[in-house]
Amino acid sequence: MKINDFNINNEKVMIFLHPMLASSEAMIKHITTRIGNGYRYIIPDLSAHGEESKKTYISSRDEADCLYNYLKKENIKKVEFAYGASLGGVVLFDLLKYNDIDFRHLFFEGPSFYEHARIRGCLLKLIMLRIRNVAIFNKERAIKKMSAIYGSEAAVAMVDQFASMDVESVKNIVKDCSFVNLPNMSKELQEKCVFSYGEKDDDLGQAKKVIPVKYPNAKFKIDDGYGHCERISKDSDKYVKELMEEIDRWY
């Protein structure tokens, strides 16, 4: 993980953890530039992504440990807003297992809620490795397919990211998203937590089963017409406006 830390003199801290095939650059472009300069932004590149594209991704726990150690080094004890999308949400789950950081608000976009999905994990691994091969050997085809989902601009970056990712990273990411370590949350923390999904997200069905049982006091929202993490890039203005509304409701 590479930690990117912006506006370090601001007291209010926000953390943004990107999804697989994205990067800190995507979080900046689609989200934090729309929020403005009133916050300190900690926006890592997860291993095998962005500026860490040549580093093998090992586990969400390793990523969370790295981020936690940085927060401790910087003496950051309170986080106004922590955001995790997909793989970033899995990392955020692991970060929550540290109980000496005060998270004022949490927002998860499309995280996996599969805790013991061995068969699903095996199938997903094969699919992801096949897509990686397409990204390497038939870039134009891969961009065309990604463009239909995420838009042409985001598609190029995602395909390039996939092509640069090593096989071990892909396997480890799929494993983390198939065997998620869900943290325990107090009622108070659940009430500050939002789980958001597109209605076409393949992870939505499992989330509907688990969230009401595991986190009954959290807010659960579904965006009509969108798939997995699509709204981040396709509807950035309204998406960020809603993020800020979630923050504002606690002040």
**Asked** If we only count heavy atoms from C-beta on, is the Phe113 to Asp203 side-chain gap below 4.5 Å?
**Response** no

**Message:** If only side-chain N and O atoms count, and only distance matters, is there a donor-acceptor pair under 3.5 Å linking His30 with Ser233?
**Reply:** no

**Asked** Do the side chains of Leu21 and Val167 join up, straight or via other hydrophobic residues, at under 4.5 Å, putting them in one cluster?
**Response** yes

**Message:** Checking Ser169 against Asn172: is there a side-chain donor and acceptor pair closer than 3.5 Å?
**Reply:** no

**Distance under 6.0 Å and angle within 45° of ring axis: Arg34 vs Phe16** = no

**Within 6.0 Å of NZ in Lys200, more than 12 heavy atoms from elsewhere** = no

**Asked** So with a 6.0 Å cut-off around CG of Asn37, is the heavy-atom count from everything else above 12?
**Response** no

**Request:** For salt bridge (Lys or Arg N to Asp or Glu O under 4.0 Å), just list the numbers for Lys187 and Glu191, CA-CA rounded to whole Å, side-chain angles, deciding distance to a tenth of an Å, and then say yes or no.
**Result:** CA-CA 6 Å; Lys187 180 177 181 291; Glu191 290 172 346; 2.5 Å; yes

**Message:** Looking at every non-hydrogen atom in both residues, tell me the closest pair between Gln161 and Ser53 and how far apart they are.
**Reply:** NE2-CB, 4.0 Å

**Prompt:** Between Ser24 and His18, does any side-chain donor sit less than 3.5 Å from a side-chain acceptor?
**Reply:** no

**Request:** State which residue, out of Glu52, Met20, Glu63, Lys55, fulfils the side chain to side chain contact (heavy atoms under 4.5 Å, CB included) condition with Leu46.
**Result:** Glu63

**Request:** Assess the pair Phe108 and Tyr83: is the distance between their ring centroids shorter than 6.0 Å?
**Result:** no

**Message:** Just checking Lys214: does its NZ atom have more than 12 heavy atoms from other residues, nucleotides or ligands closer to it than 6.0 angstrom?
**Reply:** yes

**Item:** Within 6.0 Å of CG in Asn217, more than 12 heavy atoms from elsewhere
**Value:** yes

**Message:** Are there over 12 heavy-atom neighbours, none belonging to Glu25, within less than 6.0 Å of that residue's CD?
**Reply:** no

**Request:** Output the distance between atom CG (Leu129) and atom CE (Met165), rounded to the nearest 0.5 Å.
**Result:** 11.0 Å

**Asked** In this structure, are over 12 heavy atoms from other groups packed under 6.0 Å from Lys221 atom NZ?
**Response** yes

**Item:** More than 12 heavy atoms from other groups under 6.0 Å of NZ on Lys209
**Value:** no

**Prompt:** Are side-chain heavy atoms of Leu71 and Lys78 found at a separation under 4.5 Å?
**Reply:** no

**Message:** Using side-chain heavy atoms (C-beta onward) and a distance below 4.5 Å, is Lys139 in contact with Asp160?
**Reply:** yes

**Asked** Rounded to the nearest 0.5 Å, what separation is found between the CG atom of Leu96 and the CE atom of Met185?
**Response** 5.0 Å

**Asked** When rounded to the nearest 0.5 angstrom, what is the spacing between CD in Glu51 and NZ in Lys2?
**Response** 4.0 Å

**Prompt:** Is any side-chain heavy atom of Ser178 less than 4.5 Å from a side-chain heavy atom of Arg118?
**Reply:** no

**Request:** Answer yes or no: are there more than 12 heavy-atom neighbours, outside Asn184 itself, under 6.0 Å from its atom CG?
**Result:** no

**Prompt:** Taking the six-membered ring for Trp, are Tyr215 and Phe195 parallel (under 30°), tilted (30 to 60°) or perpendicular (over 60°)?
**Reply:** parallel

**Asked** Atom CZ of Arg231 and atom SG of Cys229: how far apart are they, to the nearest 0.5 Å?
**Response** 12.5 Å

**Asked** Are the side chain of Glu168 and the backbone N or O of Thr56 linked by a donor-acceptor pair below 3.5 Å?
**Response** no

**Request:** Keeping the roles fixed (side chain from Glu230, backbone from Gly227), state whether a donor-acceptor pair exists under 3.5 Å.
**Result:** yes

**Request:** Establish, from distance only, whether the side-chain atoms of Glu109 and Ser196 form a donor-acceptor pair under 3.5 Å.
**Result:** yes

**Prompt:** Does the side chain of Asp201 come within less than 4.5 Å of Asp223's, by heavy atoms?
**Reply:** no

**Message:** I'd like to check Phe107 versus Glu246 (side-chain heavy atoms, cut-off strictly below 4.5 Å). Are they in contact?
**Reply:** yes

**Prompt:** Atom CG in Leu189, atom CZ in Arg104: separation rounded to 0.5 Å?
**Reply:** 11.5 Å

**Request:** Please test Lys72 against Asp100 for salt bridge (Lys or Arg N to Asp or Glu O under 4.0 Å), starting from the C-alpha separation and ending with a verdict.
**Result:** CA-CA 10 Å; Lys72 293 291 287 184; Asp100 55 346; 3.1 Å; yes

**Item:** Between Tyr57 and Asp176: side-chain donor-acceptor atoms closer than 3.5 Å
**Value:** yes

**Prompt:** Quick one: which of Asn4, Val79, Asn7, Ile76 gives a side chain to side chain contact (heavy atoms under 4.5 Å, CB included) with Ile42?
**Reply:** Ile76

**Aromatic Phe6 / basic Arg40 pairing, under 6.0 angstrom, 45° off normal** = no

**Message:** For the residue pair Tyr98 / Asp65, report whether a side-chain donor-acceptor contact shorter than 3.5 Å exists.
**Reply:** yes

**Residue pair Lys97, Asp94: steps toward the salt bridge (Lys or Arg N to Asp or Glu O under 4.0 Å) verdict** = CA-CA 6 Å; Lys97 293 184 178 180; Asp94 277 321; 3.8 Å; yes

**Asked** Less than 4.5 Å apart, any side-chain heavy atom of Lys171 and any of Lys175?
**Response** no

**Item:** Lys219 NZ to Ile211 CD1 distance, which is reported to the nearest 0.5 Å
**Value:** 13.0 Å

**Request:** Side-chain contact test, heavy atoms from C-beta onward, threshold under 4.5 Å: evaluate it for Phe162 versus Val170 and give yes or no.
**Result:** yes

